[in-house]
Amino acid sequence: MKKHGIIMMVTIFVLSIVLSGCGGGSDSKTITFWTPLTGDDGAYMDQLVKEYNATNPEIQVKHVITADMYTKISTVLNSGKGVPDLAIIHADRVPGFVKQGMLEQIDSAIAGQPEIKEENYLPQAWTTGNIGGTQYTVPLDIHSNTMYYNKDLLKKYDVEYFLDDDVVTIDEMLSLQGKLDEGDYVVNDALLGWVILAQIQNLGGAIEENGQPAVNTPVMKQAFEEVKKIADAGLMTPFGEDGYLMFQSGNVFFSTDGTWSSTAHAAVEGLNFGVTNIYSATADKFTNRASSHLFAMLKNDKRSDEKEAGIGAFLEFIRQNSIEWAKAGQIVASKEVIESPDYSQYMQSFFTSNEKEIESLYIYTYEYYPYVAEAVDTYCADIVRGNVDLDETLQTMQKFVEDKISESSKAEAN
């Protein structure tokens, strides 16, 4: 029994060390930095952290890739143990996190960094972290829906003029009906929900009215109807097929995936492609639905002033040196980086090439946007393919969002 008790005590001791190492605050000389960045994104962030630590700062940064980060954030905040010193969160999480009191304002960390200010970042990337006049985040990037095009197919069908004004319209796409060889398609259905949400802005609509979700609306219906025209004409890649891979195989004019996909497309031998804006129902308005990775400090009374100053120093390093992040296909938020000559070699620099392009990067900041986006993503493919009744499904989507809000409110109350 004594031996068993000793073993148990040792086990508990070891576990306590492991658990404390997973969180933040236990090591005064280390900033524990959580991100949800997996795959290549995680590797690029690892490199940035490595480069920063090589400058020999007083407090080093430890990058912890946390695939289920949002679940773990809730766990550590509820327990008050293992809270990271710094985290990257997505833009659509900010309003909810602030409402629930989960974030610290960022001012205390950047007080000693005069160049970390709004005018040195892409405007929507900065303001998405400002709630009620308080700044809670510092932006790393904007990652956007985008439309890649196959240069060879445009030339083959003599429609290179589609790109003359950088806005490919739905009517231009429909002009190809009945003119394509078997197996060729005009556009795939990659990130279709993002495309629908872009059309809402193109059509002058919104996803909220007086703080309430607005899903079952005439403008949402019109957005679906416009995109559905393409599928009805047989110009969209077949339902259930991998349109992303079909684009890489050279059989699709346009792929509506993300800025981060540029590296994968570039690795495909023989794929002659470029980038432009998401297609639009109207020639005079285009929108690229976007989001942002933001640096934030979760509520943590144990975070020292020294660590906050160290966080500020790290964020200033990122502001000056995040060209490495451009390799991940992201639109870097720092103006110092995107205005540098080196940044122009990256395809996503198209979206910061002029003010109109910058303005096209639309980040939804509605508190319940994640629920609206979930509803759109859940039902958009079946709507566009005509598998369900549009009016009935819009009603279902509206209830879907309202039920999610109700569930969230009950959880917060408990």
Side-chain angles (χ1 to χ4, degrees), residues 90-92 118-119 121-130 139-149 161-173 187-188 190-208 219-220 222-223 226-227 230 253-262 265 273-294 325-326 328-335 337-339 343-344 346-366 369 372-373 376:
H90 291 87
D92 58 27
E118 182 174 1
E119 52 262 45
Y121 293 88
L122 291 175
Q124 59 272 64
W126 181 270
T127 57
T128 195
N130 191 290
L140 170 64
D141 67 23
I142 291 178
H143 45 283
S144 172
N145 196 191
T146 184
M147 192 162 78
Y148 298 98
Y149 57 88
Y161 67 90
F162 280 7
L163 301 173
D164 285 351
D165 58 358
D166 293 323
V167 186
V168 178
T169 65
I170 291 174
D171 283 342
E172 285 174 330
M173 290 181 167
V187 69
N188 63 17
L191 293 183
L192 186 59
W194 290 46
V195 173
I196 295 296
L197 288 163
Q199 305 313 316
I200 296 296
Q201 296 305 309
N202 291 342
L203 296 167
I207 60 170
E208 65 167 308
V219 72
M220 182 71 79
Q222 185 181 355
E226 290 293 337
V227 175
I230 304 170
F253 286 70
F254 303 109
S255 179
T256 56
D257 46 285
T259 51
W260 56 88
S261 299
S262 59
H265 292 329
F273 72 103
V275 69
T276 191
N277 302 293
I278 292 295
Y279 61 85
S280 176
T282 173
D284 59 2
K285 172 71 173 175
F286 61 90
T287 301
N288 299 296
R289 183 276 193 198
S291 186
S292 180
H293 288 117
L294 306 165
W325 192 238
Q330 313 291 6
I331 302 167
V332 175
S334 167
K335 288 185 177 180
V337 173
I338 63 176
E339 291 172 0
Y343 188 70
S344 62
Y346 297 100
M347 186 166 284
Q348 68 269 25
S349 64
F350 171 82
F351 296 100
T352 53
S353 58
N354 57 61
E355 286 302 315
K356 194 170 183 180
E357 287 297 335
I358 292 173
E359 291 172 2
S360 78
L361 301 171
Y362 189 85
I363 300 175
Y364 282 95
T365 57
Y366 174 46
Y369 167 75
V372 175
V376 173

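None of the values given here were measured: they were computed from a predicted structure.
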Handout entry: Evaluation steps, side chain to side chain donor-acceptor pair (under 3.5 Å), between Asn288 and Ser144
Key = CA-CA 6 Å; Asn288 299 296; Ser144 172; 5.0 Å; no
Handout entry: Polar side-chain atom of Thr259 near backbone of His143 as donor-acceptor pair, under 3.5 Å
Key = no
Handout entry: Interatomic distance, Tyr121 atom OH to Leu140 atom CG [nearest 0.5 angstrom]
Key = 9.5 Å
Exercise for the section: Kindly write out the residues that satisfy side-chain contact (heavy atoms from CB on, under 4.5 Å) with Asp165, not counting sequence neighbours, or none if the list is empty. Expected result: Val167
Exercise for the section: Quick one: do Asn145 and Leu197 satisfy side chain to side chain contact (heavy atoms under 4.5 Å, CB included)? Show the steps, please. Expected result: CA-CA 10 Å; Asn145 196 191; Leu197 288 163; over 6 Å; no
Exercise for the section: Can you see which heavy atom on Ile278 is nearest to which on Ala198, and at what distance? Expected result: CG2-CB, 4.5 Å
Fill in the blank from the handout: Residues at least two apart in sequence or cross-chain that pass ring pair (Phe, Tyr, Trp, His ring centres under 6.0 Å) with Tyr149, listed by chain then number, are none
Practice task
Measure across Thr276 and Thr146 and return the closest heavy-atom pair with its distance rounded to 0.1 Å.
Solution key: O-OG1, 3.2 Å
Handout entry: Student check: side-chain heavy atoms of Asp141 and Ser292 closer than 4.5 Å
Key = yes
Fill in the blank from the handout: So side chain to side chain donor-acceptor pair (under 3.5 Å) across residues 349-359, not counting sequence neighbours, yields Asn277-Glu357
Problem - Partner residues of Val219 under the side-chain contact (heavy atoms from CB on, under 4.5 Å) criterion, sequence neighbours left out - result: Ile200, Leu203, Thr217
Practice task
Given side chain to side chain donor-acceptor pair (under 3.5 Å), test Asp171 with Thr169 step by step and report yes or no.
Solution key: CA-CA 5 Å; Asp171 283 342; Thr169 65; 5.5 Å; no
Handout entry: Exam field: side chain Ser291 to backbone Ile142, donor-acceptor pair closer than 3.5 Å
Key = no
Exercise for the section: Using side-chain contact (heavy atoms from CB on, under 4.5 Å) as the criterion, list what pairs up with Asp257, not counting sequence neighbours. Expected result: Tyr148, Ala190, Tyr244, Ser255, Ser261, His265
Problem - Heavy-atom donor-acceptor pair, Gln348 side chain to Ala326 backbone, under 3.5 Å - result: yes
Exercise for the section: For the residue pair Tyr364 and Tyr369, categorise the inter-ring angle as parallel (less than 30°), tilted (30 to 60°) or perpendicular (more than 60°). Expected result: parallel
Fill in the blank from the handout: Contacts of Glu118 meeting side-chain contact (heavy atoms from CB on, under 4.5 Å) (sequence neighbours excluded), chain-then-number -> Trp126, Thr127
Exercise for the section: Using a 4.5 Å cut-off on heavy atoms from C-beta on, say whether the side chain of Val275 contacts that of Phe351. Expected result: yes
Fill in the blank from the handout: d(Tyr366 OH, Glu208 CD) to nearest 0.5 Å is 5.5 Å
Handout entry: Residue pair Leu192 / Thr256, side-chain heavy-atom distance below 4.5 Å
Key = no
Exercise for the section: Look at the rings of Tyr346 and Tyr343 and say which category their plane angle falls in: under 30° parallel, 30 to 60° tilted, over 60° perpendicular. Expected result: tilted
Problem - Heavy-atom pair of closest approach, residues Phe162 and Glu172 - result: CZ-O, 3.0 Å
Practice task
Report yes or no: does Ser280 contribute a side-chain atom to a donor-acceptor pair with the main-chain N or O of Thr282 at less than 3.5 Å?
Solution key: yes
Handout entry: Under 3.5 Å donor-acceptor, Thr128 side chain and Ala125 backbone
Key = no
Practice task
Using a 4.5 Å cut-off on heavy atoms from C-beta on, say whether the side chain of Tyr279 contacts that of Ile230.
Solution key: yes
Practice task
May I ask you to test the Gln124-Ile358 pair for a side-chain heavy-atom distance under 4.5 Å?
Solution key: yes
